[in-house]
Amino acid sequence: MELNEFVEQILLSSPAKSVKRYALSSFLSTLGNENISELDEGALRLWLVKMTIDGKKISTCKRYFSIVQSVYQNWCGNKDLSLFRQVLPVFDCLKEVDTLQSFRNAEYLKQFLDGSGRIVDKQTLGIFLYLLYNPRATLLDVISLTFDSAPTFCPQISEVVNSYDSSHGRKYVFQLNQGKARPNEISKQILKKLRILLSLSGMCFELGFSRASITSVWVAAALKSGISLRQIRACIGVVPGEYSVLSLIKDYDIEEFEIEDLLCRVADTINSSARGWFAMKLRPGVKVDDIKEYLDATRPEYLSEIEFFYPKHTVIHQKNGKRVVDEQPYMPNVLFFNIEKNKVKSLFANIGNLAWCFRSSNSPDSDYAVILQRQMATFQRCIGQFTPDVKVELSDLGTKLACGRKVRVVGGIMQGYEGEIIDVEDDPGKRVFFLSISAGMTVSWKAYVEDVFIQVLD
(Lines give C-alpha, C1' and ligand atoms only; values in the text may rest on other atoms or scores of the structure.)
Protein backbone atom coordinates (compact mmCIF):
# COMPACT_ATOMS: atom_id res chain seq x y z
CA MET A 1 0.00 0.00 0.00
CA GLU A 2 1.25 3.49 -0.87
CA LEU A 3 2.19 5.76 2.05
CA ASN A 4 -0.47 8.32 1.11
CA GLU A 5 -3.20 5.68 1.16
CA PHE A 6 -1.97 4.31 4.49
CA VAL A 7 -1.91 7.79 6.08
CA GLU A 8 -5.38 8.53 4.74
CA GLN A 9 -6.74 5.33 6.31
CA ILE A 10 -5.26 6.27 9.69
CA LEU A 11 -6.66 9.77 9.26
CA LEU A 12 -10.19 8.52 8.66
CA SER A 13 -10.03 6.24 11.68
CA SER A 14 -8.76 9.03 13.98
CA PRO A 15 -11.21 10.88 16.27
CA ALA A 16 -12.59 14.14 14.91
CA LYS A 17 -10.81 17.27 16.18
CA SER A 18 -7.96 15.19 17.55
CA VAL A 19 -4.32 16.31 17.29
CA LYS A 20 -3.58 13.18 15.29
CA ARG A 21 -6.27 14.03 12.76
CA TYR A 22 -5.02 17.60 12.41
CA ALA A 23 -1.42 16.43 11.96
CA LEU A 24 -2.19 13.83 9.30
CA SER A 25 -4.56 16.20 7.49
CA SER A 26 -1.85 18.89 7.39
CA PHE A 27 0.70 16.38 6.09
CA LEU A 28 -1.52 15.03 3.29
CA SER A 29 -2.67 18.52 2.32
CA THR A 30 0.92 19.68 1.80
CA LEU A 31 1.83 16.64 -0.28
CA GLY A 32 -1.26 17.19 -2.44
CA ASN A 33 -0.86 20.94 -2.89
CA GLU A 34 2.81 20.60 -3.77
CA ASN A 35 2.14 17.61 -6.06
CA ILE A 36 4.58 15.36 -4.15
CA SER A 37 4.26 11.64 -4.85
CA GLU A 38 7.32 10.36 -2.97
CA LEU A 39 8.30 11.20 0.59
CA ASP A 40 11.88 12.41 1.00
CA GLU A 41 13.81 14.91 3.08
CA GLY A 42 12.77 17.79 0.83
CA ALA A 43 9.08 16.91 1.24
CA LEU A 44 9.35 16.83 5.03
CA ARG A 45 11.21 20.15 5.05
CA LEU A 46 8.51 21.62 2.86
CA TRP A 47 5.79 20.42 5.23
CA LEU A 48 7.49 22.04 8.20
CA VAL A 49 7.88 25.30 6.30
CA LYS A 50 4.22 25.19 5.27
CA MET A 51 3.10 24.73 8.88
CA THR A 52 5.14 27.69 10.13
CA ILE A 53 3.91 29.96 7.33
CA ASP A 54 0.37 28.90 8.23
CA GLY A 55 1.06 30.23 11.72
CA LYS A 56 1.75 27.02 13.62
CA LYS A 57 3.95 27.28 16.72
CA ILE A 58 7.25 25.36 16.70
CA SER A 59 5.95 23.15 19.54
CA THR A 60 2.93 22.24 17.42
CA CYS A 61 5.16 21.46 14.43
CA LYS A 62 7.24 19.11 16.60
CA ARG A 63 4.11 17.37 17.86
CA TYR A 64 2.70 16.92 14.35
CA PHE A 65 6.09 15.70 13.11
CA SER A 66 6.24 13.07 15.84
CA ILE A 67 2.76 11.80 14.94
CA VAL A 68 3.58 11.46 11.23
CA GLN A 69 6.89 9.78 12.11
CA SER A 70 5.00 7.21 14.18
CA VAL A 71 2.56 6.51 11.34
CA TYR A 72 5.46 6.24 8.88
CA GLN A 73 7.18 3.79 11.24
CA ASN A 74 4.07 1.59 11.28
CA TRP A 75 3.85 1.76 7.48
CA CYS A 76 7.45 0.73 6.82
CA GLY A 77 7.56 -1.84 9.62
CA ASN A 78 10.23 -0.17 11.78
CA LYS A 79 12.78 -0.72 9.02
CA ASP A 80 14.21 2.72 8.44
CA LEU A 81 13.66 6.01 10.24
CA SER A 82 16.81 7.72 8.97
CA LEU A 83 14.69 9.98 6.76
CA PHE A 84 13.03 11.60 9.77
CA ARG A 85 16.29 11.75 11.71
CA GLN A 86 17.87 13.70 8.83
CA VAL A 87 15.17 16.35 9.14
CA LEU A 88 15.36 16.81 12.93
CA PRO A 89 18.12 19.48 12.70
CA VAL A 90 15.70 21.62 10.70
CA PHE A 91 13.83 22.41 13.92
CA ASP A 92 16.87 24.36 15.12
CA CYS A 93 16.42 26.65 12.10
CA LEU A 94 12.64 26.98 12.22
CA LYS A 95 11.23 30.33 13.25
CA GLU A 96 7.63 31.18 13.95
CA VAL A 97 6.33 33.33 11.10
CA ASP A 98 3.97 36.28 11.35
CA THR A 99 2.55 36.83 7.87
CA LEU A 100 -0.15 39.24 9.00
CA GLN A 101 1.90 42.38 8.29
CA SER A 102 2.84 41.34 4.75
CA PHE A 103 -0.80 40.55 3.96
CA ARG A 104 -1.86 43.92 5.38
CA ASN A 105 0.77 45.62 3.22
CA ALA A 106 -0.56 43.77 0.17
CA GLU A 107 -4.00 45.23 0.84
CA TYR A 108 -2.60 48.72 0.25
CA LEU A 109 -1.66 47.88 -3.34
CA LYS A 110 -5.05 48.91 -4.71
CA GLN A 111 -4.47 52.58 -3.91
CA PHE A 112 -1.20 52.49 -5.87
CA LEU A 113 -3.02 51.12 -8.90
CA ASP A 114 -6.15 53.31 -8.87
CA GLY A 115 -4.36 56.51 -7.87
CA SER A 116 -6.35 57.00 -4.65
CA GLY A 117 -3.10 57.42 -2.73
CA ARG A 118 -2.41 60.79 -4.43
CA ILE A 119 1.13 59.76 -5.24
CA VAL A 120 3.21 62.60 -6.66
CA ASP A 121 6.53 60.79 -7.23
CA LYS A 122 5.66 58.82 -10.35
CA GLN A 123 9.17 57.46 -10.86
CA THR A 124 9.44 56.02 -7.34
CA LEU A 125 6.01 54.44 -7.82
CA GLY A 126 7.20 52.94 -11.11
CA ILE A 127 10.30 51.51 -9.44
CA PHE A 128 8.16 50.01 -6.67
CA LEU A 129 5.79 48.34 -9.14
CA TYR A 130 8.67 47.07 -11.27
CA LEU A 131 10.33 45.47 -8.23
CA LEU A 132 6.97 44.13 -7.04
CA TYR A 133 6.04 42.43 -10.32
CA ASN A 134 9.57 41.09 -10.80
CA PRO A 135 10.78 39.76 -7.40
CA ARG A 136 14.06 38.54 -8.90
CA ALA A 137 15.09 42.05 -9.98
CA THR A 138 17.67 43.86 -7.85
CA LEU A 139 18.20 47.58 -7.31
CA LEU A 140 21.14 47.39 -9.69
CA ASP A 141 18.78 45.89 -12.29
CA VAL A 142 16.52 48.91 -11.84
CA ILE A 143 19.43 51.32 -12.28
CA SER A 144 20.65 49.63 -15.48
CA LEU A 145 17.17 48.98 -16.94
CA THR A 146 16.92 50.27 -20.51
CA PHE A 147 13.99 50.28 -22.90
CA ASP A 148 15.81 47.68 -24.99
CA SER A 149 16.54 45.35 -22.06
CA ALA A 150 13.18 45.57 -20.26
CA PRO A 151 11.37 42.22 -19.79
CA THR A 152 8.44 41.72 -22.15
CA PHE A 153 6.82 38.55 -20.80
CA CYS A 154 4.55 40.35 -18.32
CA PRO A 155 1.93 42.96 -19.39
CA GLN A 156 2.07 44.65 -15.98
CA ILE A 157 5.83 45.14 -16.25
CA SER A 158 5.44 46.39 -19.83
CA GLU A 159 2.78 48.83 -18.63
CA VAL A 160 5.25 50.31 -16.13
CA VAL A 161 8.03 50.58 -18.74
CA ASN A 162 5.76 51.99 -21.45
CA SER A 163 4.51 54.73 -19.11
CA TYR A 164 7.86 56.49 -19.61
CA ASP A 165 8.84 58.39 -22.73
CA SER A 166 11.51 56.57 -24.73
CA SER A 167 11.84 59.27 -27.38
CA HIS A 168 14.59 61.88 -27.77
CA GLY A 169 17.30 59.26 -27.34
CA ARG A 170 16.37 58.39 -23.78
CA LYS A 171 18.17 55.17 -22.86
CA TYR A 172 17.24 54.30 -19.29
CA VAL A 173 13.66 53.65 -18.19
CA PHE A 174 14.25 55.35 -14.84
CA GLN A 175 16.27 58.57 -14.80
CA LEU A 176 18.52 58.05 -11.76
CA ASN A 177 21.58 60.12 -12.59
CA GLN A 178 23.30 57.08 -14.08
CA GLY A 179 26.89 57.76 -15.05
CA LYS A 180 27.19 60.66 -12.62
CA ALA A 181 26.59 58.90 -9.30
CA ARG A 182 27.83 55.55 -8.10
CA PRO A 183 25.34 52.63 -8.26
CA ASN A 184 25.57 52.08 -4.47
CA GLU A 185 24.71 55.71 -3.83
CA ILE A 186 21.79 55.55 -6.28
CA SER A 187 20.58 52.36 -4.56
CA LYS A 188 20.55 54.13 -1.19
CA GLN A 189 18.50 57.00 -2.62
CA ILE A 190 16.05 54.56 -4.21
CA LEU A 191 15.53 52.74 -0.90
CA LYS A 192 15.06 56.01 0.94
CA LYS A 193 12.38 57.21 -1.48
CA LEU A 194 10.68 53.81 -1.54
CA ARG A 195 10.53 53.66 2.25
CA ILE A 196 8.94 57.12 2.42
CA LEU A 197 6.47 56.33 -0.35
CA LEU A 198 5.33 53.03 1.16
CA SER A 199 5.19 54.40 4.71
CA LEU A 200 2.97 57.27 3.60
CA SER A 201 0.66 54.73 1.99
CA GLY A 202 0.22 52.95 5.32
CA MET A 203 2.59 50.04 4.83
CA CYS A 204 4.67 48.94 7.80
CA PHE A 205 7.94 47.00 7.85
CA GLU A 206 8.78 46.05 11.42
CA LEU A 207 11.98 44.22 10.47
CA GLY A 208 13.40 47.28 8.71
CA PHE A 209 13.15 48.24 5.06
CA SER A 210 15.13 46.78 2.16
CA ARG A 211 14.55 45.52 -1.36
CA ALA A 212 13.40 42.21 0.23
CA SER A 213 10.61 44.09 2.01
CA ILE A 214 8.88 44.52 -1.35
CA THR A 215 9.45 40.83 -2.03
CA SER A 216 7.53 40.03 1.16
CA VAL A 217 4.50 41.83 -0.30
CA TRP A 218 4.88 39.76 -3.48
CA VAL A 219 5.04 36.54 -1.44
CA ALA A 220 1.79 37.47 0.30
CA ALA A 221 0.17 38.05 -3.11
CA ALA A 222 1.62 34.74 -4.39
CA LEU A 223 0.19 32.82 -1.44
CA LYS A 224 -3.16 34.48 -2.06
CA SER A 225 -3.08 33.40 -5.72
CA GLY A 226 -2.43 29.75 -4.81
CA ILE A 227 1.23 29.53 -5.86
CA SER A 228 2.96 26.63 -4.09
CA LEU A 229 5.84 27.21 -1.67
CA ARG A 230 8.37 25.53 -3.93
CA GLN A 231 7.25 27.73 -6.82
CA ILE A 232 7.47 30.84 -4.65
CA ARG A 233 11.00 29.92 -3.59
CA ALA A 234 12.00 29.42 -7.24
CA CYS A 235 10.59 32.81 -8.26
CA ILE A 236 12.27 35.08 -5.70
CA GLY A 237 15.83 36.22 -5.28
CA VAL A 238 16.65 37.26 -1.72
CA VAL A 239 14.32 35.67 0.85
CA PRO A 240 12.59 38.37 2.95
CA GLY A 241 12.97 38.25 6.72
CA GLU A 242 9.25 37.70 7.28
CA TYR A 243 9.48 34.48 5.27
CA SER A 244 13.01 33.39 6.22
CA VAL A 245 11.82 29.77 6.59
CA LEU A 246 11.56 29.63 2.78
CA SER A 247 15.35 29.29 2.79
CA LEU A 248 14.86 25.76 4.16
CA ILE A 249 13.24 24.65 0.91
CA LYS A 250 15.71 22.79 -1.26
CA ASP A 251 16.28 23.67 -4.91
CA TYR A 252 13.22 23.14 -7.07
CA ASP A 253 13.86 22.34 -10.73
CA ILE A 254 11.72 24.67 -12.81
CA GLU A 255 12.08 26.06 -16.33
CA GLU A 256 12.45 29.79 -17.01
CA PHE A 257 9.18 29.95 -18.95
CA GLU A 258 7.39 28.39 -15.96
CA ILE A 259 8.80 31.08 -13.67
CA GLU A 260 7.64 33.78 -16.10
CA ASP A 261 4.16 32.22 -16.17
CA LEU A 262 4.05 32.25 -12.36
CA LEU A 263 5.18 35.88 -12.22
CA CYS A 264 2.40 36.78 -14.65
CA ARG A 265 -0.11 34.87 -12.54
CA VAL A 266 0.84 36.79 -9.41
CA ALA A 267 0.91 40.08 -11.35
CA ASP A 268 -2.68 39.35 -12.42
CA THR A 269 -3.59 38.84 -8.76
CA ILE A 270 -2.09 42.23 -7.93
CA ASN A 271 -3.35 44.07 -11.00
CA SER A 272 -5.73 42.35 -13.39
CA SER A 273 -6.43 45.54 -15.34
CA ALA A 274 -3.11 45.75 -17.16
CA ARG A 275 -3.48 45.99 -20.91
CA GLY A 276 -2.06 43.47 -23.33
CA TRP A 277 -2.07 42.47 -27.00
CA PHE A 278 -4.12 39.43 -28.06
CA ALA A 279 -5.16 37.89 -31.37
CA MET A 280 -8.58 36.61 -32.45
CA LYS A 281 -9.44 34.32 -35.33
CA LEU A 282 -12.54 35.36 -37.28
CA ARG A 283 -15.10 32.65 -37.92
CA PRO A 284 -15.87 31.68 -41.57
CA GLY A 285 -17.64 34.46 -43.45
CA VAL A 286 -16.97 37.08 -40.77
CA LYS A 287 -15.15 40.31 -41.62
CA VAL A 288 -13.37 42.81 -39.38
CA ASP A 289 -16.10 45.37 -40.00
CA ASP A 290 -18.64 42.86 -38.69
CA ILE A 291 -16.79 42.77 -35.37
CA LYS A 292 -16.61 46.55 -35.11
CA GLU A 293 -20.25 47.07 -36.16
CA TYR A 294 -21.47 44.51 -33.66
CA LEU A 295 -19.54 46.18 -30.84
CA ASP A 296 -20.84 49.61 -31.90
CA ALA A 297 -24.39 48.23 -31.80
CA THR A 298 -24.09 46.48 -28.41
CA ARG A 299 -22.04 49.29 -26.80
CA PRO A 300 -20.09 47.28 -24.16
CA GLU A 301 -18.43 49.28 -21.37
CA TYR A 302 -14.96 48.61 -22.77
CA LEU A 303 -15.79 49.82 -26.30
CA SER A 304 -13.78 53.04 -26.02
CA GLU A 305 -10.79 51.20 -24.53
CA ILE A 306 -10.23 48.47 -27.10
CA GLU A 307 -7.60 49.07 -29.80
CA PHE A 308 -7.53 47.03 -33.03
CA PHE A 309 -4.62 46.32 -35.33
CA TYR A 310 -5.39 44.78 -38.73
CA PRO A 311 -2.21 44.95 -40.85
CA LYS A 312 -2.78 45.67 -44.54
CA HIS A 313 -0.64 46.25 -47.62
CA THR A 314 -1.22 48.03 -50.92
CA VAL A 315 -1.90 45.93 -54.02
CA ILE A 316 -1.93 47.41 -57.53
CA HIS A 317 -3.68 45.50 -60.33
CA GLN A 318 -5.48 46.04 -63.63
CA LYS A 319 -9.27 45.93 -63.84
CA ASN A 320 -11.09 46.59 -67.11
CA GLY A 321 -7.93 48.18 -68.47
CA LYS A 322 -7.64 50.55 -65.53
CA ARG A 323 -5.03 50.69 -62.80
CA VAL A 324 -6.67 49.90 -59.46
CA VAL A 325 -5.06 50.39 -56.05
CA ASP A 326 -6.44 48.22 -53.24
CA GLU A 327 -5.57 47.63 -49.62
CA GLN A 328 -5.59 44.00 -48.66
CA PRO A 329 -4.97 42.42 -45.24
CA TYR A 330 -1.83 40.37 -44.71
CA MET A 331 -3.90 37.83 -42.74
CA PRO A 332 -7.61 38.14 -43.63
CA ASN A 333 -8.84 36.08 -40.67
CA VAL A 334 -6.59 37.33 -37.84
CA LEU A 335 -7.36 40.52 -35.92
CA PHE A 336 -5.02 41.82 -33.21
CA PHE A 337 -6.50 43.79 -30.33
CA ASN A 338 -5.28 45.56 -27.20
CA ILE A 339 -7.43 45.58 -24.07
CA GLU A 340 -7.28 45.10 -20.32
CA LYS A 341 -6.66 41.41 -19.59
CA ASN A 342 -9.61 41.10 -17.24
CA LYS A 343 -12.01 42.19 -19.99
CA VAL A 344 -11.08 39.63 -22.66
CA LYS A 345 -13.54 37.08 -21.27
CA SER A 346 -16.39 39.61 -21.41
CA LEU A 347 -15.43 40.56 -24.96
CA PHE A 348 -15.74 37.00 -26.25
CA ALA A 349 -18.88 36.36 -24.27
CA ASN A 350 -20.20 39.14 -26.50
CA ILE A 351 -18.65 38.30 -29.89
CA GLY A 352 -18.08 34.55 -29.48
CA ASN A 353 -20.36 33.82 -32.43
CA LEU A 354 -18.12 35.97 -34.66
CA ALA A 355 -14.57 35.07 -33.52
CA TRP A 356 -12.50 33.18 -30.97
CA CYS A 357 -9.35 34.21 -29.10
CA PHE A 358 -6.07 32.31 -29.18
CA ARG A 359 -5.18 30.68 -25.84
CA SER A 360 -1.88 29.87 -24.13
CA SER A 361 -2.38 26.15 -24.79
CA ASN A 362 -4.81 23.84 -26.54
CA SER A 363 -6.82 23.34 -23.35
CA PRO A 364 -10.20 25.13 -23.33
CA ASP A 365 -9.50 26.14 -19.71
CA SER A 366 -6.20 27.79 -20.65
CA ASP A 367 -5.68 31.53 -20.22
CA TYR A 368 -5.99 33.78 -23.25
CA ALA A 369 -2.56 34.11 -24.88
CA VAL A 370 -0.87 37.47 -24.34
CA ILE A 371 1.55 38.51 -27.09
CA LEU A 372 4.91 39.72 -25.80
CA GLN A 373 4.89 43.53 -25.81
CA ARG A 374 8.32 43.95 -27.40
CA GLN A 375 7.60 41.41 -30.14
CA MET A 376 4.32 43.11 -30.96
CA ALA A 377 5.94 46.56 -31.08
CA THR A 378 8.66 45.26 -33.40
CA PHE A 379 6.08 43.54 -35.62
CA GLN A 380 3.99 46.70 -35.90
CA ARG A 381 7.04 48.82 -36.71
CA CYS A 382 8.46 46.43 -39.27
CA ILE A 383 5.27 45.54 -41.10
CA GLY A 384 4.94 49.14 -42.23
CA GLN A 385 8.28 48.78 -44.05
CA PHE A 386 7.55 45.52 -45.82
CA THR A 387 7.81 45.48 -49.60
CA PRO A 388 5.07 43.82 -51.73
CA ASP A 389 7.06 40.60 -52.06
CA VAL A 390 6.98 39.93 -48.29
CA LYS A 391 4.38 37.28 -47.51
CA VAL A 392 2.92 37.21 -44.00
CA GLU A 393 0.98 34.13 -42.96
CA LEU A 394 -0.36 32.26 -39.95
CA SER A 395 1.67 29.13 -39.20
CA ASP A 396 1.17 26.21 -36.85
CA LEU A 397 4.86 25.45 -36.28
CA GLY A 398 4.68 23.09 -33.32
CA THR A 399 8.27 22.41 -32.22
CA LYS A 400 9.88 23.90 -35.33
CA LEU A 401 10.90 27.02 -33.43
CA ALA A 402 13.40 25.00 -31.41
CA CYS A 403 15.46 24.37 -34.54
CA GLY A 404 16.73 27.98 -34.79
CA ARG A 405 19.17 29.79 -32.54
CA LYS A 406 18.23 32.52 -30.12
CA VAL A 407 19.30 35.78 -31.75
CA ARG A 408 18.80 39.52 -31.79
CA VAL A 409 18.76 41.62 -34.97
CA VAL A 410 20.85 44.74 -34.39
CA GLY A 411 20.42 46.51 -37.71
CA GLY A 412 18.40 46.74 -40.89
CA ILE A 413 14.66 46.48 -41.41
CA MET A 414 14.20 43.99 -38.55
CA GLN A 415 16.30 45.81 -35.95
CA GLY A 416 15.18 45.02 -32.41
CA TYR A 417 13.71 41.61 -33.22
CA GLU A 418 14.58 38.77 -30.83
CA GLY A 419 13.71 35.12 -31.36
CA GLU A 420 14.37 32.10 -33.50
CA ILE A 421 15.55 32.69 -37.08
CA ILE A 422 15.64 29.98 -39.76
CA ASP A 423 17.70 30.43 -42.94
CA VAL A 424 16.15 29.63 -46.32
CA GLU A 425 18.79 27.45 -47.91
CA ASP A 426 18.15 28.34 -51.53
CA ASP A 427 18.20 32.09 -50.91
CA PRO A 428 21.11 33.21 -48.67
CA GLY A 429 20.30 36.13 -46.40
CA LYS A 430 16.56 35.64 -46.63
CA ARG A 431 15.26 34.57 -43.25
CA VAL A 432 11.98 33.60 -41.63
CA PHE A 433 10.69 35.66 -38.68
CA PHE A 434 7.92 34.81 -36.26
CA LEU A 435 5.48 36.58 -33.95
CA SER A 436 4.17 34.10 -31.38
CA ILE A 437 0.48 34.67 -30.65
CA SER A 438 -0.28 31.45 -28.77
CA ALA A 439 1.16 28.01 -28.02
CA GLY A 440 2.48 26.70 -31.36
CA MET A 441 0.66 29.34 -33.44
CA THR A 442 2.69 32.13 -35.02
CA VAL A 443 2.63 34.81 -37.66
CA SER A 444 5.59 34.37 -40.01
CA TRP A 445 7.22 36.43 -42.75
CA LYS A 446 10.44 36.53 -44.74
CA ALA A 447 12.91 39.39 -44.98
CA TYR A 448 16.52 39.92 -46.04
CA VAL A 449 18.90 40.43 -43.12
CA GLU A 450 22.66 40.33 -43.54
CA ASP A 451 24.74 38.20 -41.18
CA VAL A 452 26.51 41.25 -39.79
CA PHE A 453 23.22 42.43 -38.26
CA ILE A 454 22.56 39.16 -36.39
CA GLN A 455 23.81 38.80 -32.81
CA VAL A 456 23.74 35.30 -31.32
CA LEU A 457 22.33 35.25 -27.78
CA ASP A 458 22.58 31.57 -26.79
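Residues forming a side chain to side chain donor-acceptor pair (under 3.5 Å) with R265 (at least two apart in sequence, or on another chain): none. Residues that satisfy the side chain to side chain donor-acceptor pair (under 3.5 Å) test with T124, not counting sequence neighbours, are D121. When the ring pair (Phe, Tyr, Trp, His ring centres under 6.0 Å) test is applied to F65, the partners found at least two apart in sequence or on another chain are F84, F91. Checked against side chain to side chain donor-acceptor pair (under 3.5 Å), D268 has the following partners two or more places apart in sequence or in another chain: Q156, K341. Applying the side chain to side chain donor-acceptor pair (under 3.5 Å) rule to T30 yields no partners; only residues at least two apart in sequence or on another chain are considered.
Distance check, rounded to the nearest 0.5 Å: CD of E34 to CD1 of I36 gives 5.5 Å. From L207, atom CG reaches atom OG of S216 across 8.5 Å, with rounding to the nearest 0.5 Å. Taking CD1 of I236 as the reference point, atom CG of N134 lies at 12.5 Å (rounded to 0.5 Å). Residue D253 holds its CG atom at 10.5 Å from CZ of R230, rounded to the nearest 0.5 Å. From L354, atom CG reaches atom NZ of K287 across 13.5 Å, with rounding to the nearest 0.5 Å. Once rounded to the nearest 0.5 Å, the distance linking CG of L46 with CZ of R233 reads 12.5 Å.
Inter-residue side-chain proximity for T298 and I351 is flagged as unmet; no heavy-atom pair is nearer than 4.5 Å. Within the 4.5 Å cutoff, the side chain of F379 has no heavy atoms near those of the W277 side chain. In this structure, the side chains of F205 and L198 come closer than 4.5 Å at one or more pairs of heavy atoms. Annotation: side chain of Y243 is in contact with side chain of T99 (closest heavy-atom distance under 4.5 Å). Here the side chains of I259 and F153 are not in contact, with every heavy-atom distance at 4.5 Å or above. Two residues are said to be in side-chain contact when any heavy atoms from C-beta on lie closer than 4.5 Å; V266 and Y133 fail this criterion. In this structure, C154 and L263 have side chains that are not in contact, with every pair of non-hydrogen atoms separated by 4.5 Å or more. Looking at heavy atoms from C-beta onward, L132 lies in side-chain contact with I270 at the 4.5 angstrom threshold.
Under the 3.5 Å distance criterion, the side-chain polar atoms of R275 are left unmatched by any main-chain donor or acceptor of I306. Between the N105 side chain and the C204 main chain, a donor and an acceptor come within less than 3.5 Å of each other. At distances below 3.5 Å, not a single donor-acceptor pair connects side-chain atoms of E185 with backbone N or O atoms of R182. N162 contributes a side-chain N or O that, together with a main-chain N or O of S158, makes up a donor-acceptor pair within less than 3.5 Å. Remark: the backbone N or O of G208 is paired with a side-chain donor or acceptor of S213 at under 3.5 angstrom.
Of the candidates F278, Y302, F337, F337 is the only one forming a ring pair (Phe, Tyr, Trp, His ring centres under 6.0 Å) with F348.
The two residues A279 and V334 make their nearest non-hydrogen contact at CB-CG1, 4.3 Å. Nearest heavy-atom pair, P240 versus V219, reported as atom, atom and distance to 0.1 Å: CG-CG2, 4.4 Å. Of all non-hydrogen atoms in S210 and L191, the two that sit nearest each other are C-CD2, 3.9 Å. Considering all non-hydrogen atoms of both residues, T138 and D141 come closest at N-OD2, 2.8 Å. Contact between F358 and M280 at its shortest, heavy atoms only, is CE1-C, 4.1 Å. Between M331 and Y310, the closest heavy-atom pair is O-CE1, 3.6 Å.
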(message) One pair to check against ring pair (Phe, Tyr, Trp, His ring centres under 6.0 Å): Y172 and F147. What are the steps and the verdict?
(response) CA-CA 6 Å; Y172 295 103; F147 289 97; 9.4 Å; no
(request) Report the C-alpha separation of E256 and R136 in whole Å, then their side-chain angles, then the decisive distance to 0.1 Å, and conclude whether the salt bridge (Lys or Arg N to Asp or Glu O under 4.0 Å) test is met. (result) CA-CA 12 Å; E256 180 66 20; R136 297 183 298 173; 2.9 Å; yes
(request) Before giving the answer on side-chain contact (heavy atoms from CB on, under 4.5 Å), spell out for S201 and L197 the whole-Å C-alpha distance, their side-chain angles and the decisive distance to 0.1 Å. (result) CA-CA 6 Å; S201 76; L197 173 71; over 6 Å; no
(message) Pair K343, E301 - check salt bridge (Lys or Arg N to Asp or Glu O under 4.0 Å), show working.
(response) CA-CA 10 Å; K343 295 180 180 177; E301 61 177 7; 5.1 Å; no
(request) Could you check K171 against Q178 for side-chain contact (heavy atoms from CB on, under 4.5 Å), going step by step and ending with a plain yes or no? (result) CA-CA 10 Å; K171 177 182 178 181; Q178 294 95 332; over 6 Å; no
(request) Carefully, step by step, assess I232 and W218 under the rule side-chain contact (heavy atoms from CB on, under 4.5 Å). (result) CA-CA 9 Å; I232 289 174; W218 183 91; 4.0 Å; yes
(request) Mind running side-chain contact (heavy atoms from CB on, under 4.5 Å) on V173 and Y130 for me, showing each step along the way? (result) CA-CA 11 Å; V173 174; Y130 182 82; over 6 Å; no
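Heavy-atom neighbours of E307 CD from other residues, nucleotides or ligands within 6.0 Å: above the threshold of 12. More than 12 heavy atoms of other residues, nucleotides or ligands sit less than 6.0 Å from atom CG of D165. E327 CD: more than 12 foreign heavy atoms inside a 6.0 Å radius.
Cation-pi contact between R359 and Y368: present, with separation from the ring centre below 6.0 Å and deviation from the ring axis of at most 45°. For the pair K122 and Y164, the cation-pi test (distance below 6.0 Å, angle within 45°) is passed.
At a cut-off of 3.5 Å, with distance as the only test, a side-chain donor of S149 or T146 sits close to an acceptor on the other residue.
Sorted by first and then second residue, the pairs that involve residues 40-56 and meet side chain to side chain donor-acceptor pair (under 3.5 Å), not counting sequence neighbours, are S26-W47, E41-R45, E41-K250, K50-D54.
In this structure, K345 does not pair ionically with E340, as no charged nitrogen and carboxylate oxygen lie closer than 4.0 Å.
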